[in-house]
Amino acid sequence: MRDEPERLRAENAKLKHDLDASALAHPARTPIGGWLYDGETRTMALSGSVYRFLGLDPLTAAEEASALRILPPEDAKILREKLDGATEGEEIVATTVRLRRHDGSLAEVFWRGGNVMERDGSQRRMVGEIAAINKDSEAHAAIMATTGSADVVAIHDYEGVVRYISPSAKDLFGYPSEQLVGVNALDFVHPDDRSGVFDSLAALLGGAAVARGEYRLRNVDDSYRWVESVAKPMPNEEGLVVNVVRDTQARKELERSREGEAEFFRNLFNLHSAPMFLVDPQEDGAIVDANEAAASFYDYSIAELRRMSVNDLNMMTREEIKNEMNGAFRLSKNVFQFRHRLASGDVRDVLVYSAPIPRGRRTLLFSIIHDVTELKRVESGMRDSFEQMKAVFDGMDAPVYVADMETYEILFVNKYGRTVWGDAEGNVCWQTLQEGMTGPCPFCNNDQLLNREGKPGAPIKWEFKNTATKRWYALIDRAIYWTDGRLARLEIALDIQDRKEAERKLREQRDLLASVARAAQSLVFETDFGEAANRALAALGEGAKVDRVYVFENYRAEDGARMINQRFEWTAPGVEPQIDNPDLQALPYYPDFARWERALEAGKSIDGPVEDFPEAEREFLSLQGILSLLVVPIIDGEEFVGFIGFDDCKRPRRWDEETVNLLKTSAAALGARWRNERNESGGDES
């Protein structure tokens, strides 16, 4: 690197350190953008994000009078004195001033900055940042959501070598600003876009006052980001250019997304069986487009409909139609009840669902028409359009409710919802629909249902286990305008408990199958029978999610009675073992466990909550802390030689048929290995 870039980087690093130190005691702020002040010409340049924060057009506002005009006169005077004083010394400017918005209101901001070292060693220029304070931080956050990172301000020569670049370069591209001083910015431009950047620099060399461009710049991870820039020659500094770069990646991605959405909309519009119109409310309701279903319903060709206006179809007056269109355009109303005249002269009662959609540079009303003439005849006392929607909700096999988004008051619950929550209308939603809440639900997504203008946005789909009903629901939430105009939350809850339960069982069966496979592998490949049995029991216990697994072996007493001894046992962490319990050795089946002997000898299993077992069994098993258990027989050929038991000491439960069959498979594998051991030892295993 050359000495000059190294010196500039050092000076800029000192400037950043001093600026950060000056800001430590200031209240919480949100950065808005950057500024550059020329002490000789006493002119100020601001980044485009500052103008956007104030509601001004950055590309036109920056070309008008001095940027200091956005301050009230008394604030501008104070700031100019601080700036002029600072350019003559080494002071840091850190002060609070007010900026004038486009509507005349004032926004309090924190203005800070410091000197930039020039090539001749002087400090005639200052750079810095402007940050919003308190409530204006929220306004800036809304701007940043649409514009991405704050603008990057760079000073470079006509060859592209960077002399200064604002710290926001790290936020946008990932490069620390000090790393970029002295490098050629053109090396970061996408190869396909460099010719356009060269043309812009050539235009400035040729005397152009400003050069605008859109191109891709390389990020620190070698990906590329779309940006747009506004570049101007620096006043009183021959050979240097000040360039303001704005992130447009989100906009590009949105444009690509909208292309796909537009194709989807065209297919939906043209192929849907419901009549549809695109109407221009600014052109007296002119029908811009209609689909085949509309042509069939009104008995006009599509070409004829495109030459018509909704005034030619609607029985209301022009003024009434205009008012309704304005309501749909402002989203204050989107469901309408009209009477439309067909080409034949027949008049039909229709419901029109209408909402504004962008179409090029215009905003049109997208309208869907439903013929409700027959419904009107059947229901002469039909309520207004919103009551129809509530009737639809009452017919749904799912809970539906509407709640005020500010007060959380429940405004409507459908018929199905009343079976779940009772007569909840008028209550507070988080107190009635959930359990254990002391305030609005922490998972409430009301703020996500509104767009940046505070109007209803796109619906949100998610899944949630209700804290009161303990059931899983697939939820569809969206903001709507209630009949009195206030914003309300509409939620449709589809019960998916059975699906969740099926998914859980599938996961458990998959885990258990893997455990059975591991158990079988241990029984086949482990040479020591005791070790093989212990490994197999551990795999089965983990897979079946139980607390204790054990093996009991049958033998005959001298009087011929069938007895059992515990041979092996596995226990989960924290569960008391029973392998040394003397009550589990030399235990007869008869009389207390005669039921077990008959069932197991017949190849059947014993399972269920212990509380459902006969008294003698229940008392014996409860001493071991067992709440439920499963017992499957071990059969050697046709001989009943013992059993495997599975204890659950935490909850009552029943085992389904698939689980029992899988565990019987493991018992059979254990029986086969046991037979081999007995054969090899001459039958001495028992």
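These numbers come from a predicted model, not from an experiment. Just the heavy atoms: all of them, side chains too, but no hydrogens, waters or symmetry mates, feed the values below. Sequential numbering from 1 along the given sequence is applied to the chain's residues.
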Engineer: Val227 vs Arg246, test: side-chain contact (heavy atoms from CB on, under 4.5 Å). Steps then yes/no.
Structural biologist: CA-CA 5 Å; Val227 300; Arg246 179 191 305 170; over 6 Å; no
Engineer: Kindly indicate, with the supporting measurements, whether the criterion side-chain contact (heavy atoms from CB on, under 4.5 Å) is fulfilled by Asn243 and Ile155.
Structural biologist: CA-CA 6 Å; Asn243 198 348; Ile155 299 173; over 6 Å; no
Engineer: Sort and list the pairs that fulfil side-chain hydrogen bond (donor to acceptor under 3.5 Å, both in side chains) and have at least one residue in residues 285-296, not counting sequence neighbours.
Structural biologist: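 Only Asp289-Arg306 qualify under side-chain hydrogen bond (donor to acceptor under 3.5 Å, both in side chains).
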Engineer: Among residues at least two apart in sequence or on other chains, which ones pass side chain to side chain donor-acceptor pair (under 3.5 Å) with Glu491?
Structural biologist: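 If we apply the side chain to side chain donor-acceptor pair (under 3.5 Å) test to Glu491, skipping adjacent residues, the hits are Arg489.
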Engineer: With a cut-off of 6.0 Å (strictly less than), are more than 12 heavy atoms of other residues, nucleotides or ligands near CD of Glu406?
Structural biologist: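 Count not over threshold, so no.
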Engineer: Once ring-ring contact (aromatic ring centres under 6.0 Å, His included) is applied, what residue pairs with a partner in residues 196-229 remain, sequence neighbours excluded?
Structural biologist: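 The answer is His190-Tyr224.
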Engineer: Return the set of residues passing ring pair (Phe, Tyr, Trp, His ring centres under 6.0 Å) with Phe173 (not counting sequence neighbours), or none when no residue passes.
Structural biologist: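 Here no residue qualifies.
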Engineer: Check the pair Val288, Phe277 against side-chain contact (heavy atoms from CB on, under 4.5 Å), reporting the backbone distance first and the verdict last.
Structural biologist: CA-CA 7 Å; Val288 177; Phe277 285 150; over 6 Å; no
Engineer: Who are the salt bridge (Lys or Arg N to Asp or Glu O under 4.0 Å) partners of Glu304, not counting sequence neighbours?
Structural biologist: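 Glu304 satisfies salt bridge (Lys or Arg N to Asp or Glu O under 4.0 Å) with no residue once adjacent residues are dropped.
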Engineer: Below 30° counts as parallel, above 60° as perpendicular, anything between as tilted: where do the rings of Phe443 and Phe464 land?
Structural biologist: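 Answer is tilted, since the angle falls between 30° and 60°.
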Engineer: Quick test of your reading of the model: are Arg499 and Glu463 salt-bridged, counting only N-O distances below 4.0 Å?
Structural biologist: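 So Arg499 pairs with Glu463 through a salt bridge.
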Engineer: Test: salt bridge (charged side-chain N to carboxylate O under 4.0 Å, His left out). Region: residues 179-203. Which pairs qualify, not counting sequence neighbours?
Structural biologist: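 Matches after skipping sequence neighbours: Asp193-Arg216.
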